[in-house]
Number of protein chains: 2
Amino acid sequence: MEVDERSSGEPGASAGAGRDAGPGSLPRAELDLSQFLPYRLNRLADRISDELERMYAERYDINVAQWRVLAWLSHCDELTAKKICTYTNMDKARVSRAVQALEDRGLIYREPSVHDQRVHDLHLTPAGEELLASLVPEAQAWEAELVATLSVGEYRDLFNAMGKLERQLERIGQG
Amino acid sequence: MEVDERSSGEPGASAGAGRDAGPGSLPRAELDLSQFLPYRLNRLADRISDELERMYAERYDINVAQWRVLAWLSHCDELTAKKICTYTNMDKARVSRAVQALEDRGLIYREPSVHDQRVHDLHLTPAGEELLASLVPEAQAWEAELVATLSVGEYRDLFNAMGKLERQLERIGQG
DNA sequence: GTAATATAGTTTCTTATGAAACCATTTGTC
DNA sequence: GACAAATGGTTTCATAAGAAACTATATTAC
């Protein structure tokens with residue numbers, strides 16, 4: 001019932017009819033959002049994120065920022081807040097709050113780094129590992145269902161395209 | 001210098017090494033975020049959104065919500081807040097605020113619908129059209145630069161994949 | 001060694017956002 | 001036509017997030 005690329009509500013239908021036949025009909029700047037990559041990508045990502053967030057929140061009472069910290073820890077076993085910032089593109093305040101919340105709940109623990117007193121090394125606690133052991137398969141199953149309509153090739157190509165876009169974004173940002 | 005699908009900082013490198021050789025080495029749930037679609041999609045969309053937002057904000061002092069309203073109006077010439085909500089997936093409060101801000105700045109105007117007194121029909125003012133005439137080409141140029149590394153086929157496939165994912169999301173949501 | 005600068009992380013402040021309450025109008029039911 | 005439900009939109013309230021100020025440690029220049 002929602003909007004997809006072709007049946008995007010009015011736009012397809014009224015794009016022509018909508019043209020103002022009125023007085024000063026200057027050549028109107030028109031943007032077809034359904035064909036505008038940033039918009040499409042954003043809306044899709046938002047919807048996916050909403051779904052997952054609901055799942056995390058309902059069943060485990062963690063938010064997206066916390067989830068990301070946990071997921072990276074599942075991967076690295078030892079991390080610092082700074083690294084999480086760069087990996088996830090999240091603000092350091094946001095990471096700081098997520099880390100604190102997770103520590104309060106006993107899902108991770110911090111120890112001051114031996115080399116640098118400013119830094120805290122982050123680790124999962126057993127409770128944290130346990131939570132992940134339950135959450136991760138669920139998340140993966142959900143993802144699998146989401147991409148079920150894509151062929152293996154389409155799936156691979158999608159990741160390739162995202163990789164290219166990320167690299168290009170880097171390039172643009174610097175240039 | 002940032003994270004891309006293969007050189008994602010620690011994960012690739014320490015995934016193996018990070019394994020805890022310690023005592024109770026239970027089979028650890030591990031999630032490779034760089035291969036997790038929701039995460040990748042979200043991070044990419046966020047970065048793109050950040051870039052564009054900076055552009056809108058710096059040069060035209062409008063935020064994403066306002067931009068979306070304007071863009072849809074460029075397309076439809078006559079809209080209601082409700083429709084914008086469904087097209088953009090934005091909360092109605094957010095849309096309401098965006099519309100109000102745009103009206104205050106004289107970029108759009110509202111008139112009560114003849115058929116339904118609850119509804120306001122939204123239209124661009126000449127000033128709004130003028131702003132779009134300047135902004136839209138810039139946005140399109142930026143998008144063109146972003147996707148410059150994709151072939152025509154890759155670009156088309158990307159949109160196809162997004163379409164499939166959106167439809168699947170619908171299906172999952174309902175089921 | 002000491003002063004200046006940079007860095008990791010926290011806290012404070014402000015703003016944006018979503019949820020829910022709310023108001024006005026419209027639609028449906030009897 | 002009157003009353004109940006639904007709908008479009010706004011406002012209020014609570015919360016999350018980013019910006020900037022701040023603290024503590026580390027690094028660099030001299």
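Just so it is clear: chains get the letters A, B, ... in the order the sequence lines come, proteins before strands, and each one is counted from 1.
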> Can you measure A:Arg94 atom CZ to C:dC13 atom C1' for me and round it to whole angstrom units?
19 Å

> A:His123 pairs by side-chain hydrogen bond (donor to acceptor under 3.5 Å, both in side chains) with which of A:Glu78, A:Glu111, A:Glu129?
A:Glu111

> Hey, quick one: are B:Leu150 and A:Leu169 part of the same hydrophobic cluster, counting side-chain heavy atoms closer than 4.5 Å, chains of contacts allowed?
yes

> Indicate whether OP1 or OP2 belonging to D:dT11 is found under 4.0 Å from a side-chain N or O atom of B:Gln100.
yes

> Once you round it to whole Å, what is the distance between C1' of D:dG9 and CG of B:Leu102?
16 Å

> Can you check the B:Met90 CE to C:dA19 P distance for me, whole Å?
14 Å

> May I ask you to decide if A:Asp121's main-chain N or O and A:Thr80's side chain share a donor-acceptor pair within less than 3.5 Å?
no

> How many Å lie between CD on A:Glu111 and P on C:dG9, as a whole number?
13 Å

> Which of residues 48-61 of chain A sit near DNA chain D, with a heavy atom under 4.0 Å from it?
none

> Identify all pairs in which a protein N or O lies below 3.5 Å from an N or O of nucleotides 19-29 of chain D, and state each distance.
| unit_1 | atom_1 | unit_2 | atom_2 | d |
| --- | --- | --- | --- | --- |
| D:dA26 | OP1 | A:Gln117 | N | 2.6 |

> Calculate, to the nearest 0.5 Å, the distance between atoms CH2 and OH belonging to A:Trp72 and A:Tyr87 respectively.
6.5 Å

> Can you check the A:Leu79 CG to C:dA8 C1' distance for me, whole Å?
14 Å

> Is any side-chain N of the basic residue among A:Glu138 and A:Arg59 closer than 4.0 Å to the acidic one's carboxylate O?
yes

> Whole-Å distance between D:dG18 C1' and B:Asp46 CG?
13 Å

> Would you say D:dT10 has OP1 or OP2 under 4.0 Å from some side-chain N or O of B:Ser96?
yes

> Go through C:dG9, C:dT17, D:dG8 for me and flag the one nearest to the B:Lys82 side chain.
D:dG8

> Roughly how far apart are B:Thr149 OG1 and A:Gln168 CD, rounded to 0.5 Å?
4.5 Å

> Do the charged groups of B:Glu51 and B:Arg54 touch, with an N to O distance under 4.0 Å?
yes

> Does one side chain, of A:Tyr39 or A:Ser34, offer a donor that lies under 3.5 Å from an acceptor on the other?
no

> Provide the closest heavy-atom pair for B:Arg105 versus B:Leu131 in the form atom of the first, atom of the second, distance.
NH2-CD1, 4.2 Å

> What is the distance, to the nearest angstrom, from the CG atom on A:Asn63 to the C1' atom on C:dT17?
15 Å

